[in-house]
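Data first, discussion second: the structure below is written as structure tokens.
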There are 2 protein chains.
Amino acid sequence: MCQSSEVTTRTRRSQRRTEALSRERIVEAAVELLDAAGEGGLTFRALTERLATGPGAIYWHVANKDELLGAATDAVVAAALAVGPTGPPDPPQDGVRAVALGLFDATDEHPWLAAQLSTRLSRGPWASVTPRIFESVGRRVRALGVPEGDWFTATSALVHYILGAVGQNAANTANARTLGPDTNRAGFLDSASRAWEELDPDDYPFVRAVAKQLRDHDDREQLLAGVDFVLTGITARHLPGGQAHTPPAT
Amino acid sequence: MCQSSEVTTRTRRSQRRTEALSRERIVEAAVELLDAAGEGGLTFRALTERLATGPGAIYWHVANKDELLGAATDAVVAAALAVGPTGPPDPPQDGVRAVALGLFDATDEHPWLAAQLSTRLSRGPWASVTPRIFESVGRRVRALGVPEGDWFTATSALVHYILGAVGQNAANTANARTLGPDTNRAGFLDSASRAWEELDPDDYPFVRAVAKQLRDHDDREQLLAGVDFVLTGITARHLPGGQAHTPPAT
DNA sequence: ACCTGAACACCGTTCAAGT
DNA sequence: ACCTGAACACCGTTCAAGT
């Protein structure tokens with residue numbers, strides 16, 4: 001943003017630490033490093049420099065790098081899901097959409113988040129992000145009137161879809177940045193689309209046919225469209241004639 | 001399987017290479033290492049030992065570790081998707097289910113695959129696995145009668161969901177192994193379920209309510225149920241009354 | 001209890017040199 | 001064209017020592 005990157009980078013090193021070291025401060029610094037340089041940017045060396053300390057000090061507060069990454073992920077997700085829990089309860093479908101968009105925006109701000117989310121999800125149901133997301137989505141599923149026996153299956157389907165789609169979006173923006181500051185997101189999708197068009201016509205007829213749709217699609221719209229597919233499928237099963245679209249045909 | 005693990009491990013080192021080194025052989029060895037010890041097991045040192053060569057030789061055939069991981073992923077996915085393309089064309093819904101189960105089984109055999117799939121997917125639409133999976137699913141979407149303008153959205157939704165669900169399953173089996181050879185998959189889900197039950201009742205009422213379903217669920221059934229949600233959503237949009245379940249109520 | 005910083009083991013990658 | 005293997009830069013982590 002501002003032009004004095006030299007100063008901002010240097011400052012902290014020689015600056016005497018004002019606050020004592022704490023797990024919170026470490027996680028905060030980790031998120032900053034991740035935001036600035038991606039997953040590769042988080043090293044204990046960069047962290048010690050930024051916090052003006054040694055590696056041993058960090059290990060006093062945090063077990064290892066994996067735990068630190070997990071804590072950073074959890075902090076960001078918790079903030080993303082803390083959107084408007086107050087106020088009149090949404091229609092459940094809108095609530096699910098809000099959760100999806102919240103995670104969408106969070107990965108937009110923190111491009112490293114998507115990969116972490118799938119990694120953590122894959123680490124087992126006890127990683128702290130998993131219950132968090134499950135709870136947010138699941139409450140809406142319950143409010144939807146889904147019978148209790150299907151809560152887990154329905155919620156899982158929504159969570160899997162949302163995280164997959166959100167990850168895809170994060171990838172697109174992250175990649176656009178990789179191609180250089182001049183290349184924007186549209187430019188990235190454009191070149192990706194061209195790559196699809198150059199695939200073998202015999203092996204990839206379908207992919208070639210949708211190459212243009214890849215270029216022109218809007219990730220946010222697509223995310224919501226997919227959420228609606230799943231919501232429709234969930235409600236159709238039990239509420240005959242149930243549609244995900246709350247407003248009738250207008 | 002057999003009891004002579006000592007021999008199998010040692011053998012290759014001193015054994016003179018019979019075939020010349022090739023990209024294929026390297027990828028094959030990489031898959032074996034990944035299968036045996038997970039993603040951490042694939043190092044250039046382990047690879048050189050197994051192939052009885054030096055690192056430089058490997059770099060002659062492969063650009064870097066990332067490309068090697070990508071090639072390993074692609075090889076395994078290609079094999080998984082090569083299920084019954086011959087024979088009479090399936091009903092599209094069955095075809096989608098077959099693709100999902102094919103990937104499910106592949107990640108069961110190669111637990112490292114799931115993380116790679118999401119990583120690759122996240123790397124942009126040109127990673128070779130992406131077109132492959134998109135093509136497999138997309139052909140079925142097209143056969144479903146979805147209007148062309150929605151092909152991309154519908155296929156994306158299915159692919160995102162399938163990969164998410166498949167990844168979750170891979171995580172469960174992989175984690176079960178981590179807990180020790182005596183702990184089986186049921187044991188793992190059991191302890192995970194107990195962890196959910198111990199969450200704060202105020203913060204996680206829903207998660208606690210579905211803890212038992214987590215323990216008792218069958219990943220394969222759940223995968224198919226989710227696929228049906230998405231399929232129903234997709235078809236409901238355009239084919240009024242269209243259901244994912246091909247057989248009527250029997 | 002909390003922090004320091006040198007040291008360790010290990011990793012991906014390079015490259016001059018061989019055949 | 002293909003392979004060798006020593007060397008390099010960098011990483012996560014440890015630990016005896018300080019306060």
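None of the values given here were measured: they were computed from a predicted structure. All values below come from the heavy atoms of this structure, side chains included, with hydrogens, waters and symmetry mates left out. Labels below follow one simple rule: chain letters A, B, ... track the order of the sequence lines, proteins then strands, and each chain is numbered from 1.
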Any donor-acceptor N/O pair, H217(B) side chain to L214(B) backbone, under 3.5 Å: yes
Which heavy atom in R208(B) sits nearest to a heavy atom in E197(B), and how many Å separate them? NH1-O, 2.7 Å
May I have the distance from I58(A) (atom CD1) to dA1(C) (atom P), rounded to whole angstrom? 21 Å
With distance as the sole test, does E39(A) use its side chain to make a donor-acceptor pair with the main-chain N or O of W112(A) at under 3.5 Å? no
Considering all heavy atoms, the nearest A114(B)-A170(B) contact: CB-CB, 3.5 Å
Select base, sugar-phosphate, or nothing to describe what L42(B) touches, counting heavy atoms under 4.0 Å on all strands. sugar-phosphate
Determine, step by step, whether Q168(B) and S156(A) satisfy the side chain to side chain donor-acceptor pair (under 3.5 Å) criterion, reporting the C-alpha distance in whole Å, the side-chain angles of both residues, the deciding distance to 0.1 Å, and the verdict. CA-CA 10 Å; Q168(B) 186 60 54; S156(A) 292; over 6 Å; no
Regarding the side chain of T43(B), the nearest nucleotide among dC11(C), dG12(D), dT14(C) is dC11(C)
d(CG, L47(A); P, dT4(C)) in whole Å: 13 Å
Take P55(B) and W60(A), find for each the nucleotide of DNA chain C with the closest heavy atom, and name the residue whose nucleotide sits nearer the 5' end. W60(A)
Report the distance from atom CZ of F44(A) to atom P of dT14(D), rounded to the nearest whole Å. 9 Å
Just how far, in rounded Å, is C1' of dC3(D) from CZ of R23(B)? 18 Å
When you measure from the side-chain N and O atoms of H61(A) to the phosphate of dA1(C), is any distance below 4.0 Å, counting only OP1 and OP2? no
Of the candidates dC3(D), dT14(D), dC3(C), the side chain of Y59(A) sits closest to dT14(D)
Mapping R45(B) and G56(B) onto DNA chain C by nearest heavy atom, which one lands closer to the 5' end? R45(B)
Please compare G40(A) and A57(A) by the position of their nearest nucleotide in DNA chain D and report the one closer to 5'. G40(A)
Here the residues of residues 64-76 of chain A within 4.0 Å heavy-atom distance, strictly under, of DNA chain D are N64(A), K65(A)
If I compare all heavy atoms of D202(A) with all of R139(B), which pair ends up nearest, and what's the gap? O-NH2, 4.0 Å
Are the ring centres of Y59(A) and F44(A) closer than 6.0 Å? yes
Dot-bracket line, read 5' to 3' along DNA chain D, where crossing pairs take [ ] and | marks a partner on another strand, Watson-Crick or G-U under 3.5 Å: ||.|||||...|||||.||
Sidechain-backbone polar pair: Q213(B) side chain, F152(A) backbone, donor-acceptor under 3.5 Å: yes
Note: R220(A)-D105(A) ion pair, threshold 4.0 Å (strictly below): yes
Distance check, P atoms only: dA17(C) and dC2(D), in whole angstrom units. 22 Å
